[in-house]
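Residue numbers begin at 1 in each chain, while the letters A, B, ... track the order of the sequences.
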2 protein chains.
Amino acid sequence: MKDISLNIDDYLPLRDVVFNTLRNAILTGELQPGERLMEIKLANKLGVSRTPIREAIRKLELEGLVVNTPRKGAEVANISAEDLHDVLEVRRSLEALAIDLACDKITDEMLDELATNIESFKNAMSTKAATEIASTDVGFHDIIYKSTGNKRLIQILNNLREQMYRYRLEYIKDQESWNRLMTEHITIYDAIKRRDKEAATEAILGHIDNQEINIRDKMGFDR
Amino acid sequence: MKDISLNIDDYLPLRDVVFNTLRNAILTGELQPGERLMEIKLANKLGVSRTPIREAIRKLELEGLVVNTPRKGAEVANISAEDLHDVLEVRRSLEALAIDLACDKITDEMLDELATNIESFKNAMSTKAATEIASTDVGFHDIIYKSTGNKRLIQILNNLREQMYRYRLEYIKDQESWNRLMTEHITIYDAIKRRDKEAATEAILGHIDNQEINIRDKMGFDR
DNA sequence: ATATATAATTATGTATACAAAAAACTCAAA
DNA sequence: TTTGAGTTTTTTGTATACATAATTATATAT
């Protein structure tokens, strides 16, 4: 059957196009922490005027991906050891909440999605596709988030995850961690399936903590 | 002793002035949910051009205080029963985290600040100053947030609180609730002082739940 | 060579101009 | 009175202009 959705509203303001572009550039490391975002340069590169660039920067600023100094301009935010700690402390708490809600609310369809995701993960591992692994990993957690049915929770968790996403690219290349990552996902999946909140919470917290250790290592933070 | 801080940098970009102004107008109810934010009208009223207005709106948009429809414009966000539920679900979890951290980290000075705050609350009650009560109530929680030492947590909790702040103005006028509010603050304070995490958590959750009930009543949501 | 003052350049802050979409209005027809 | 086509007005989206602060470059004196 054909999908006749007359996509009347495929219009996106330039500011949002720019916002998505810049955000992606930051998350993939194309724009590095500390790098200046110069309006005219970006405007030329993207072929638009300064106006949408500025509005996009305002949003990135509020999202914490960019820091702005009045009359000096914006630069890509640089996360400190303290920031990382703060983000992870909050994230631990909200991941626990998410798992708790997931155990209550997840549907059979979503459980299937998780199972499928784990299979994709195995495939990506066998083909050693790091990018694929990374996006599958993100997808696994997305399913859990979605199953909570709490839009605000999803939004905040995505934002917190985003804060460290760019620093994760390095460690995800490290094949050593793939097996551990997959084992942890399976443990989490099993616990949710059994609706075993205690086990699920323990598993997710361990999962986050391991990520924290990896990121700290890669970033050269001690402790 | 004279305070010789040559406040060289008391400069604030107009966009931030506008941002604060609009935000305040929304939180105090001067701008009501559903009300349109028309750039030219606001620009004239505030005596600036559209540019800073637009940039401020972009930030309010990301903060969730305003919703924007492309080519139609922005309006003050209207919180639904579902939104309220989502916000409170997350907030409960993070308030519990905050109290937990506070029990570990709060200093004697900050405990004193809490005690002072409770005294201010009593004073405001005796003079029946509703505005005073409201700001003292906000201040009480601010002290607890601050004691966690987690900037990200503080930021998110402030944002969550903000989402319902404007709906709280009504119920704070209701003298009935003042005594309960104060009693709850005292209970929370005592528990933190004893570093009794269990009691403190229970107290803060009850406190949030009571707020939820009040807001639901005032907003005419059932359940 | 270093430091300092000054001029030239560049970037941001703000206002304004113009195009195009959306909303409001007008007025004739049912 | 309501409906609807066509027109006017308003509003947003985007680009650009101009002023001023920040940075860089230049030149001069020590």
Look at A:Arg15 and D:dG13 and indicate whether a side-chain polar atom (N or O) is within less than 4.0 Å of OP1 or OP2.
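It does, given that an N or O in the side chain of A:Arg15 lies less than 4.0 Å from OP1 or OP2 of D:dG13.
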
Please state whether the phosphate of D:dT23, meaning OP1 or OP2, lies under 4.0 angstrom from any side-chain nitrogen or oxygen of A:Lys72.
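Yes, because at least one side-chain N or O of A:Lys72 sits under 4.0 Å from OP1 or OP2 of D:dT23.
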
Salt bridge [X]-[Y], side-chain N to carboxylate O under 4.0 Å:
| X | Y | value |
| --- | --- | --- |
| A:Asp209 | A:Arg92 | yes |
| A:Arg36 | A:Glu75 | no |
| B:Arg216 | B:Glu212 | yes |
| B:Arg23 | B:Glu162 | yes |

Ring geometry between A:Phe121 and A:His185 (parallel below 30°, tilted from 30 to 60°, perpendicular above 60°)
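Plane angle over 60°, so perpendicular.
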
Taking [atom1] from [X] and [atom2] from [N], how many angstroms apart are they, rounded to a whole number?
| X | N | atom1 | atom2 | value |
| --- | --- | --- | --- | --- |
| A:Asn68 | D:dA22 | CG | P | 13 Å |
| B:Ile40 | D:dT9 | CD1 | P | 15 Å |
| B:Leu46 | C:dG13 | CG | P | 19 Å |
| B:Tyr11 | C:dG13 | OH | P | 6 Å |
| A:Arg50 | C:dA15 | CZ | C1' | 12 Å |
| A:Leu42 | D:dA15 | CG | C1' | 16 Å |
| A:Glu55 | C:dT14 | CD | P | 14 Å |
| A:Asn44 | C:dT12 | CG | P | 12 Å |

Side chain of [X] only, please: which of [options] is the nearest?
| X | options | value |
| --- | --- | --- |
| A:Arg36 | C:dA11, C:dT14, D:dA21 | C:dA11 |
| A:Arg71 | C:dG13, D:dT14, C:dA21 | C:dG13 |
| B:Arg54 | D:dT16, C:dA23, D:dT14 | D:dT14 |
| B:Ser49 | D:dA22, C:dT14, C:dT12 | C:dT14 |
| B:Pro13 | C:dT14, D:dT14, D:dT12 | C:dT14 |
| A:Val48 | D:dA15, C:dT14, C:dA15 | D:dA15 |
| B:Leu14 | D:dA15, D:dG13, C:dA15 | C:dA15 |

Using a cut-off of 4.0 Å on non-hydrogen atoms, how would the nucleic acid contact of B:Ile57 be classed: base, sugar-phosphate, or nothing?
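Touches nothing.
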
